[in-house]
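Since the structure is predicted, the reported quantities are computational estimates derived from the model, not experimental observations. Below, chain A is the first sequence line, B the second, and so on; all start at residue 1.
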Amino acid sequence: MKSNKRMVKDNIFKHILLVSAVLGGLMIAFIFVFIFIKAWGVLSVSGLGFITETGFSEQIRDSYYLAAGEQTWFFGTKGLFIATLLTTAGALLLAVPLGIGTAVIVCEFSHRAIARMLSSVIRLLASIPSIIYGLIGLMVVVPYIKDSFISPELQIQYLYDPIMRMQLSGKSLLAGIIVLGIMIMPILTALTVDAIKAVPKSYKEAGLGLGISHWRVVTKILLPAAKSGLFAGIILAAGRGIGEAIALSMVSGGISNVPQVAHGGVFFLTPVLTLASAIVNKSEAMSVAAIESALFSCGVVLILTSMLFSLSTRLVERAVKMK
Amino acid sequence: MTLSNISIAVKNVDSWYGEKQVLKNINMEIEKKSITALIGPSACGKTTFLKSLNRINDLVKGFKISGIISVGGQDIYKDIKKASDLMFLRQKMGMVFQIPNPFPMSIYKNLALPFSEKNNLSSRKRIDEVVVKCLKDVHLYDEVKERLDASALDLSGGQQQRLCIARCLTITPEIILFDEPCSSLDPISTLKIEDLLRELKEQYTLVIVTHNLEQAKRIADRVGFFYQGELIEYSAKDKFFTRPRHELTQKYLAGKF
Amino acid sequence: MKDLKTKVIVLTMMLCFVLVGTASAAEGIKVNVDGSALNMDVAPVMQEGRVLVPFRFIAENLGGIVSWDAGSQTVKIVTADKNVSLPVGQTTATVNGTAQTLDVPATVVDGRTLVPVRFVAESLGADVSWDDATQTVNVKYFSGITGTLKVGGSTTVLPVAQASADALMKLSPGLSVTVTGGGSGVGTSGAKDGTLNIGMQSSDLKQEDKAAGLVPVSVGRDAIVVIVNKANTVEALTREQIKKIFSGEIKNWQDVGGKNAAIVLHTREAGSGTLDGFNSLIMKKEAEIDAIAEPHASNPLVKQAVANDENAIGFLSLGHLDTSVKGIVAEGVVASEANAATGQYPFVRNLWLSTKGTPSGQAAKFINFVRSVKGQQILASEDFIPLR
Ligand SMILES: Nc1ncnc2c1ncn2[C@@H]1O[C@H](COP(=O)(O)OP(=O)(O)OP(=O)(O)O)[C@@H](O)[C@H]1O
Ligand SMILES: [Mg+2]
């Protein structure tokens, strides 16, 4: 009797799980389909040009101010795409070494009380909403960049630049990289701390027992052993970076420029617009159907980019594991 | 035992985890190039004792120790202050753990890493030689020579334990500490390791914790019996097994615990 | 049908009063609108059992915009949903195009036009009752409303709508008004697709939106002020100069009397009502804002950017101007509320609340509230220019 009852219970539970799994799957599918349908208007007109052509800011403006019939459905987000990749890559370059370094210090090289305090500070930092980082960026990072790298002469010069005119105000690719880097550093640190803590203690004992220095045990044994966790952290941080909108809206400059290598160091001072920021910044103009579709198309590119990124990271991870 | 023959001397050692005392007034001298077996019921402090010898217990929060442990004439707790000296001590003293713990990397790297770390050296040729030699010393080479680049975690338990022993050999220690090295192995692997220990005795001082009385009988030169943190009896193997002095030892050997 | 019925009943009741009533000078008669007394400079009078009050007071407190046509001697009252003409001395009035008979006509007393409070209030949609004991006319229009209202759109209009909603919900606890931003564009699309009951716009509706059935009702005006950093020596610019600066034709402050430095442009994202205002008032389709201008999502962000960069120029709704930046004297006129009200200041535009179809029900009441004396006080306190 009793076991029968339990079986019924188990069965019900199983079915509930199944139904919620199916529902979850359907919901994701629905979201994807919804986004693609909304994006189709622009994607079908723009084709591959959507990521190989430039001029997004102007196209938005033209779509918004022209009458319904004359609106362009062609959009080119090359600038946004490149800005998104550059910002994320730059931020990772900044945050990965710092984050892992901090995690190592927290886990291995600090007094327990200090480690605990650092740990909670990092978790707190990781949970601060991005708009706060945006504000800090706006108040501290942007003025700093302007004061240190942008002279009045440079400002005037670039108003006439033959390759690409621009206003150098401090809001720039560099500001985005720094703010995003600072923002994802705590996430990366927290995940790395977890990854290091998950490494069996016996590896550390064995390493130290062999007379290997603590520092070398960390770099040669613990970190390689924590590799999967580190990769997961990097993927997550990059995902947050690719999708970050608010903070970057505030510090990146908001114009769909493609930074020019020919500009030298000014490359990093170029005002840019990332895909996610574009969706937020331009949403006020969404009452225009073409713009709505263009923004959903940005969403499609965003989704594909993060999917590609996490896929390629997984491939790299597998390759590294093989070794 | 003559003085020159003593590898490790332990005098009046007490130790605690937090408030809890786990070693009580241990006195013991361990002979060079011999096998010393430590036996005793679970939780009596054998592992704690072993880990005190190479100061791996320093990693445990709240661990305290008093008394003197001298290795090669050096008081390892009072005389060693610098991290580099501690490294040097541990390089003199390999340790093989109860559960095989090869690093999560290739078989080759498991051996190459400690060797190149100790000798600060990256000559591939020299490393190759040492890897092969150490693997041969533990009779593992023939089994793995085709797959030195395979992950060490893919080896069987017995192979992993032999790999861990080989890993110790790469740093040419004077002493090797074994904590129940055969507890997770089948009889054949166990015998292989015992043979190996007998060979190693020619060059190294071996201290081995074991729950297997037969094993102690087979390989040990001297045997120590721990009970509730105390060293109850410590004597040469034959005397220990045939004429134990202490009542507790007799009971333990008779299996009356 | 129902409407007609009530009208018939009202008319019958009025007729009864005509037969019974006698004219009398009314001392101590009070008029309450939604619980608070109407303070008038001319006391209400009682005529044939009817209380008459100066038309401006009763109409404006119910959100009406009044006008006096001297030629036809007619009082005109326009609210979001009603349009009442009341010729002085005649017993016929027009309410939303339909002729109505009243028992006591509007009259002129001591040079002031007085109208029957019950007729006017009821024509505008209010409930009117007479408390004989206290000699009080109780007009109930903004109290006792129930239901929900979604208002959204222009962030320029938002603070006014929010404060008005709060005040209205105090009068009508059964009413729930949510006010959201998003910009004029969001207001327009929301009102069009029904996700909003009322859309807020700080730019004039496009012809196509009106064609789609959106009816905009003006609630006040806003002025655009061009701002520069306080350290900037430039004080005044003409529209022509501002246009050339923002189109990138003038790139250096020294070309408009400042120092030798790059002009850093700050603009708003497409869809911003303030940007539309700037475009329609200053750029006037003669030129486009330079594509390198830095776009911002809100007035405060533009202000922040200009306040922090000596070489910056931007524009705000006049209501957002404060001492952190410097307002530019435009065409020789200082940007101020007063100058905008008089029409001297050149860059002024309308603020709208719009509904799909002619406003009715709670939506009409909300709009009328914003246009009422109280609502316009709120609007003025948010630094906009009131309707009257
Ligand atoms: N890290 C630690 N922190 C606190 N107490 C510990 C720790 N390690 C061991 N102990 C305690 O110290 C006592 C001795 O433990 P130890 O590991 O030395 O026993 P053992 O003789 O090796 O036992 P076994 O034969 O089961 O391995 C036990 O009571 C154990 O619970
Ligand atoms: Mg043990």
Side-chain angles (χ1 to χ4, degrees), chain A residues 55-69 134-135 138-139 142-143 146-147 150-161 164-172 246 249-250 252-257 270-271 273 277-278 280-289 291-292, chain C residues 153-155 181-193 199 201 206-209 211-212 248 250-254 259-273 275-276 279-280 283 285 288-298 301 304-305 308-312:
Chain A
F56 187 75
S57 290
E58 291 86 344
Q59 288 146 1
I60 291 278
R61 185 190 63 199
D62 294 348
S63 272
Y64 190 78
Y65 289 106
L66 291 179
L135 275 176
L138 197 58
M139 300 299 181
V142 170
K146 181 171 165 257
D147 295 343
I150 300 170
S151 67
E153 294 73 33
L154 196 72
Q155 262 184 328
I156 295 178
Q157 179 194 331
Y158 271 90
L159 290 181
Y160 297 94
D161 189 76
M164 191 177 78
R165 298 174 56 236
M166 53 191 183
Q167 284 187 165
L168 304 180
S169 68
K171 292 187 186 169
S172 55
I246 304 286
S249 278
M250 295 168 82
S252 292
I255 300 178
S256 62
N257 290 323
T270 308
L273 177 65
S277 296
V280 169
N281 289 6
K282 308 295 179 191
S283 60
E284 240 197 311
M286 223 152 68
S287 56
V288 173
I291 294 177
E292 185 188 63
Chain C
S154 163
T155 51
S184 298
V186 171
T188 302
S189 57
K192 244 197 297 194
D193 65 23
Q201 288 88 11
K206 292 182 181 178
Q207 202 47 52
E208 59 188 85
D209 293 327
I250 297 176
K251 293 187 175 69
N252 197 311
W253 281 113
Q254 72 186 0
K259 67 174 185 181
N260 178 19
I263 298 178
V264 181
L265 304 173
H266 293 270
T267 178
R268 296 287 302 278
E269 294 283 2
S272 145
L275 173 61
D276 289 357
N279 272 330
S280 59
M283 302 311 278
K285 298 222 159 92
E288 279 192 29
I289 296 178
D290 195 346
I292 67 173
E294 185 175 312
H296 294 268
S298 70
L301 286 174
Q304 193 269 350
N308 285 312
D309 183 354
E310 201 179 323
N311 300 325

**OP:** Side chain from CB out, backbone as N, CA, C, O: work out which of these in A/Tyr158 comes under 4.5 Å of a heavy atom of chain C, or both, or neither.
**Re:** neither
**OP:** Show your working on side-chain contact (heavy atoms from CB on, under 4.5 Å) between A/Gln155 and C/Lys251 and close with a plain yes or no.
**Re:** CA-CA 10 Å; A/Gln155 262 184 328; C/Lys251 293 187 175 69; over 6 Å; no
**OP:** Over all heavy atoms of both residues, which pair between A/Ile60 and C/Ala270 is shortest? Give the atoms and the distance, please.
**Re:** CG2-CB, 4.1 Å
Original post:
Closest heavy-atom contact between C/Pro295 and A/Gly253?
Top reply: CD-O, 3.6 Å
Subject >> Contacting moiety of C/Ala297, where chain A heavy atoms sit under 4.5 Å >> reply: backbone
**OP:** Measure across C/Ile289 and A/Arg61 and return the closest heavy-atom pair with its distance rounded to 0.1 Å.
**Re:** O-NH1, 3.5 Å
Original post:
Is there a donor-acceptor pair closer than 3.5 Å between any side-chain N or O of A/Gln167 and the backbone N or O of C/Leu265?
Top reply: yes
**OP:** Can you measure from NZ (A/Lys171) to NE2 (C/His296) and round to the nearest 0.5 angstrom?
**Re:** 4.0 Å
Original post:
Based on non-hydrogen pairs under 4.5 Å, which of C/Glu288, C/Gln207, C/Lys206 is most in contact with chain A?
Top reply: C/Glu288
**OP:** Give, as side chain, backbone, both or neither, the part of C/Asp209 having an atom under 4.5 angstrom from any heavy atom of chain A.
**Re:** neither
Original post:
Which heavy atom of C/Glu294 sits nearest a heavy atom of A/Ser169, and at what distance?
Top reply: OE1-OG, 2.9 Å
Subject >> Stepwise side-chain contact (heavy atoms from CB on, under 4.5 Å) check, A/Leu138 with C/Asn308 >> reply: CA-CA 10 Å; A/Leu138 197 58; C/Asn308 285 312; over 6 Å; no
Original post:
With a 4.5 angstrom heavy-atom cut-off, which part of C/Asn279 approaches chain A: side chain, backbone, both or neither?
Top reply: side chain
**OP:** Please lay out, stage by stage, how C/Ile292 and A/Leu159 fare under the test side-chain contact (heavy atoms from CB on, under 4.5 Å).
**Re:** CA-CA 9 Å; C/Ile292 67 173; A/Leu159 290 181; 3.7 Å; yes
